[in-house]
There are 2 protein chains.
Amino acid sequence: MAVVGRAASRSAANGPASLQDMRRQNLAVVLAAVAAHSPLSRADVSGRVGLTRAAVSSLVDELIGRGAVTEAAATASGRVGRPGRALTVSGEGPAGLGLEIGVGHLGACVADLRGEPRLWRRVERANAGRPPGTVLAELAALAAEAEAEAAALGLRVEGRVLAVPGVVPNEPRGLVERAPNLGWHTVGIADHWPEPETAPEPENEANLGALAEYWNAGTPVETFVHVSAGAGIGAALVIDGRLFRGARGFAGELGHVPVHPEGPECACGARGCLEQYAGEAAVLREAGLAQDGPGDPVALLAERAANGHAPTLAALDRAGRALGLALTSAVDLIDPDGLVLGGAYAELADWLLPSVCAELAARVTVRPWAAEALRPSALGRRGPLLGAALTTIRRIMADPTLLPAG
Amino acid sequence: MAVVGRAASRSAANGPASLQDMRRQNLAVVLAAVAAHSPLSRADVSGRVGLTRAAVSSLVDELIGRGAVTEAAATASGRVGRPGRALTVSGEGPAGLGLEIGVGHLGACVADLRGEPRLWRRVERANAGRPPGTVLAELAALAAEAEAEAAALGLRVEGRVLAVPGVVPNEPRGLVERAPNLGWHTVGIADHWPEPETAPEPENEANLGALAEYWNAGTPVETFVHVSAGAGIGAALVIDGRLFRGARGFAGELGHVPVHPEGPECACGARGCLEQYAGEAAVLREAGLAQDGPGDPVALLAERAANGHAPTLAALDRAGRALGLALTSAVDLIDPDGLVLGGAYAELADWLLPSVCAELAARVTVRPWAAEALRPSALGRRGPLLGAALTTIRRIMADPTLLPAG
DNA sequence: GGGTGTTTGTCAGGACTCTCAACAAATTAG
DNA sequence: CTAATTTGTTGAGAGTCCTGACAAACACCC
């Protein structure tokens with residue numbers, strides 16, 4: 001019962017609309033209203049979304065039948081009239097499983113329909129260079145454990161999404177085209193999964209981090225660029241609240257934007273790419289640190305910066321200016337409402353933000369540009385895993401008929 | 001942590017669906033099928049879009065009543081069975097009016113529902129620095145003439161769109177925030193229009209040029225960047241077949257993307273913006289030509305380049321390389337299916353393309369990049385005006401109920 | 001030429017979903 | 001305890017599409 005829903009019918013030219021489509025959308029509308037303002041009575045929902053109480057009643061009945069909504073006990077409202085029955089998004093039943101493969105760990109997370117992460121699992125593993133089959137077998141075991149534990153909490157996993165530090169093309173789905181830090185090339189996830197029918201759908205970790213940031217924000221910005229540094233530098237573009245993957249799925253390759261055209265040669269063959277200034281390896285080198293030293297290099301950088309270590313501060317300043325330069329291009333092209341620094345950048349934001357901000361302020365002059373638009377990620381490195389778990393949740397919210405009828 | 005705080009999806013955010021919405025979409029689907037493959041019988045449409053013949057009949061009747069579709073005479077098909085009655089998109093009745101204000105001219109164009117431009121009007125006017133009221137009064141007169149002439153062709157203008165060489169923010173609509181080449185600042189079009197109810201809706205000319213390119217293409221690319229040079233350099237982003245205007249309407253400001261961070265100072269206050277290398281003024285200067293000489297400077301450049309004038313060729317090569325550098329950023333960020341050189345660039349494509357292409361080939365290495373994706377615009381300078389006229393047509397195609405019922 | 005088969009367009013009945021209006025249920029106010 | 005108010009449900013009605021049937025219009029075959 002993979003919740004692999006197609007994208008919601010976007011354009012009018014796609015195909016004819018049916019009564020079922022109408023019903024589907026209205027179920028989603030009601031569910032969204034309950035999610036946004038619960039607890040809500042049927043009458044409240046009716047007044048809020050514009051459907052009649054009769055229609056809302058029918059829709060709510062179906063949502064309850066599918067396990068998406070639960071009816072709480074009657075509340076003493078204190079107001080005149082018959083009290084409404086409080087509706088909430090169900091905290092049991094349907095759930096989403098997020099999985100993650102990092103260079104140094106495997107992770108799992110289960111989120112309920114309310115969007116709350118209900119359990120986290122993480123095991124340290126040096127995955128770089130290991131065969132995909134081995135890694136995925138271990139991950140499948142971790143996933144099975146997580147699903148079992150979730151079942152004990154009354155949660156039933158309806159969909160599985162896997163965050164990978166690599167490129168996931170639009171077509172064909174289910175493929176990791178390359179993940180340099182893992183040493184993967186053209187790995188079909190389902191091909192290595194013990195039970196192919198429960199194989200997770202891979203997605204780039206930076207993209208999932210950006211979506212998590214969006215879904216998790218109190219007052220979400222609809223159009224923003226989410227920059228996240230791991231070994232490479234990736235940008236995820238969220239446009240009008242939806243992830244933009246580009247024509248082939250390669251959008252957001254910020255790491256190889258040219259910032260100094262005549263600069264040092266990059267592994268990609270070009271010169272002066274952003275990665276040569278703001279990539280992890282470049283910053284470590286510039287800061288005089290060994291690249292493959294023990295421990296978490298990002299934490300080490302943060303520690304040295306906090307201690308006022310001059311080479312580290314200089315390296316971060318240099319990185320920030322280069323990043324600001326690359327983001328100037330992004331702002332000029334995309335006109336986003338926000339810029340979010342995620343991944344490792346979030347932990348280094350204190351030392352990066354000033355120079356990024358200064359560069360942007362100096363170069364983005366032909367349009368209104370607010371420094372507040374630039375901020376570090378609130379989720380940091382947990383973002384991708386949470387985003388993976390929430391992907392299934394948001395799909396169900398957008399189309400509750402993906403859930404089996406009661 | 002209120003993850004599911006806001007509307008779950010785009011569709012859910014938009015409110016409940018009604019039977020009328022379903023009807024609207026199905027009218028659009030049928031109309032789109034007729035437009036794409038006419039002539040088509042009702043049965044053909046039914047087989048193609050998946051609605052039953054009965055439903056298609058009802059929808060076609062309504063489309064005929066609204067004047068969007070006409071029933072041609074019976075055709076001798078030669079096939080067995082009762083012949084179908086041929087349906088075509090109406091070439092009379094509903095039409096769109098496009099208007100254009102350029103630095104040196106005013107323009108008007110009327111397109112029918114088939115998307116065919118049926119009449120063009122153009123008058124030379126030195127509009128730079130003239131008061132908006134004067135320009136718009138003249139344009140209104142031109143528009144009235146065009147509408148009268150269109151009426152003689154049996155066309156009834158259902159919407160008016162104005163292409164301007166300036167910035168048109170998302171909110172409020174109807175406003176030209178600034179048009180440097182005209183000397184305009186914060187001009188409300190309707191405020192200066194003789195009859196406010198027929199005032200056209202302004203839109204940036206580069207955006208309209210890109211849309212025209214998309215709508216006019218035989219096999220449209222769904223996601224592309226359309227670069228167009230006039231006095232400034234603008235890029236329009238078409239994403240999944242829809243114009244992306246950015247959070248505020250300022251997307252595509254390619255002219256001020258930094259290409260050489262330490263390069264010459266730009267009027268915008270930054271250094272090394274693309275405009276300093278590939279802008280009209282910069283190219284003319286570099287080619288040793290007077291900027292305000294007589295005649296069309298672009299035509300002059302093309303002529304000299306064709307004659308092998310060395311400084312001109314060098315200037316164009318330099319411009320092309322800078323443009324390639326800026327487009328590298330765009331390709332890395334957006335992952336488009338195509339890059340289109342429009343506006344003045346289209347006429348200089350012979351000398352620009354090689355260096356643009358070379359720069360892209362050298363710098364876009366981490367993803368598949370096909371040189372064929374880069375091509376000059378087929379419409380050239382007529383694009384914006386055609387796009388303005390077609391905007392109304394495409395709106396009607398997407399929602400035929402915009403037409404008055406017969 | 002006439003009968004047969006095929007395809008088209010339309011019509012009547014049914015299913016689904018929303019709206020409207022009425023009503024019973026549950027609570028507060030007096 | 002009665003009246004007022006609000007909630008949730010029910011039944012009738014309208015709009016839209018689907019199903020199945022049917023007349024109309026043509027080609028093909030004898």
Side-chain angles (χ1 to χ4, degrees), chain A residues 9 12 15-31 33-34 39-65 69-87 399-401 405, chain B residues 11 14-30 33-34 39-65 69-87 400-401 405:
Chain A
S9 63
S18 64
L19 285 168
Q20 283 70 28
D21 294 331
M22 182 168 87
R23 182 75 171 177
R24 211 190 323 272
Q25 173 157 352
N26 287 342
L27 285 168
V29 167
V30 168
L31 183 53
V34 173
L40 235 51
S41 71
R42 290 164 176 78
D44 291 336
V45 173
S46 165
R48 199 173 278 276
V49 308
L51 292 162
T52 61
R53 291 204 308 272
V56 170
S57 254
S58 159
L59 291 160
V60 165
D61 284 351
E62 179 166 347
L63 288 173
I64 291 175
V69 162
T70 50
E71 203 163 20
T75 60
S77 67
R79 289 204 322 268
V80 108
R82 170 177 166 178
R85 276 185 282 169
L87 301 171
D399 180 4
T401 63
Chain B
S11 51
N14 287 352
S18 64
L19 285 168
Q20 284 69 31
D21 294 332
M22 181 169 83
R23 181 75 171 177
R24 212 190 323 273
Q25 173 157 349
N26 287 343
L27 285 168
V29 166
V30 168
V34 172
L40 235 51
S41 71
R42 290 165 175 77
D44 290 335
V45 173
S46 165
R48 198 173 278 277
V49 308
L51 292 161
T52 61
R53 292 202 309 269
V56 170
S57 254
S58 158
L59 292 161
V60 165
D61 285 350
E62 180 166 348
L63 288 172
I64 291 175
V69 162
T70 50
E71 203 163 20
T75 60
S77 67
R79 289 203 323 266
V80 134
R82 169 177 166 179
R85 277 186 280 169
L87 301 171
T401 64

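Predicted model only: the values in this text are computed from it and were never measured. Numbers restart at 1 for each chain; the letters A, B, ... are given by sequence-line order, proteins then strands.
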Between protein and nucleic acid, restricted to nucleotides 8-12 of chain D and to nitrogen or oxygen atoms under 3.5 Å apart, what atom pairs and distances do you find?
unit_1 : atom_1 : unit_2 : atom_2 : d
D:dG8  : OP1    : A:R85  : N      : 2.6
D:dG8  : OP2    : A:R42  : N      : 3.3
D:dG8  : OP2    : A:A43  : N      : 2.9
D:dG8  : O4'    : A:R82  : NH2    : 3.1
D:dG8  : O3'    : A:R85  : NH2    : 3.4
D:dG8  : N7     : A:R53  : NE     : 2.9
D:dG8  : N7     : A:R53  : NH2    : 3.2
D:dG8  : O6     : A:R53  : NH2    : 2.7
D:dT9  : OP2    : A:S57  : OG     : 2.3

From D:dC18, C:dC18, D:dT6, nucleotide with atom closest to A:N26 side chain: C:dC18
Let me know the distance between CG of B:L59 and P of D:dC17, rounded to the nearest Å. 5 Å
Distance, rounded to the nearest Å, where A:R24 contributes CZ and C:dC16 contributes C1': 14 Å
Write out all pairs satisfying salt bridge (Lys or Arg N to Asp or Glu O under 4.0 Å) with one or both partners inside residues 43-59 of chain B, taking only residues at least two apart or from two chains. none
Could you state the CG-P distance from B:L51 to D:dT19, rounded to the nearest angstrom? 11 Å
How would you list, by chain and number, every residue that makes a side chain to side chain donor-acceptor pair (under 3.5 Å) with B:S58, sequence neighbours excluded? B:R23
Here the distance between atom C1' of C:dA15 and atom CG of A:L19, to the nearest Å, is 8 Å
Calculate, to the nearest 0.5 Å, the distance between atoms CG and OG1 belonging to A:L87 and A:T70 respectively. 8.0 Å
Ranking A:G50 and A:Q20 by the position along DNA chain C of their nearest nucleotide, the one closer to 5' is A:Q20
Applying side chain to side chain donor-acceptor pair (under 3.5 Å) to A:T401 and not counting sequence neighbours gives A:R24, A:D399
Between D:dC18, C:dT28, D:dT16, which nucleotide has the shortest distance from any of its atoms to the side chain of B:T52? D:dC18
State which residues pass side chain to side chain donor-acceptor pair (under 3.5 Å) with B:Q20; sequence neighbours excluded, sorted by chain then number. none
Of the nucleotides D:dC18, C:dT19, D:dG15, which one has an atom closest to the side chain of A:A55? C:dT19
Roughly how many Å is it from CG in A:L27 to C1' in C:dT17, rounded to a whole number? 11 Å
Side chain to side chain donor-acceptor pair (under 3.5 Å) filter on B:S18, not counting sequence neighbours, yields B:D21
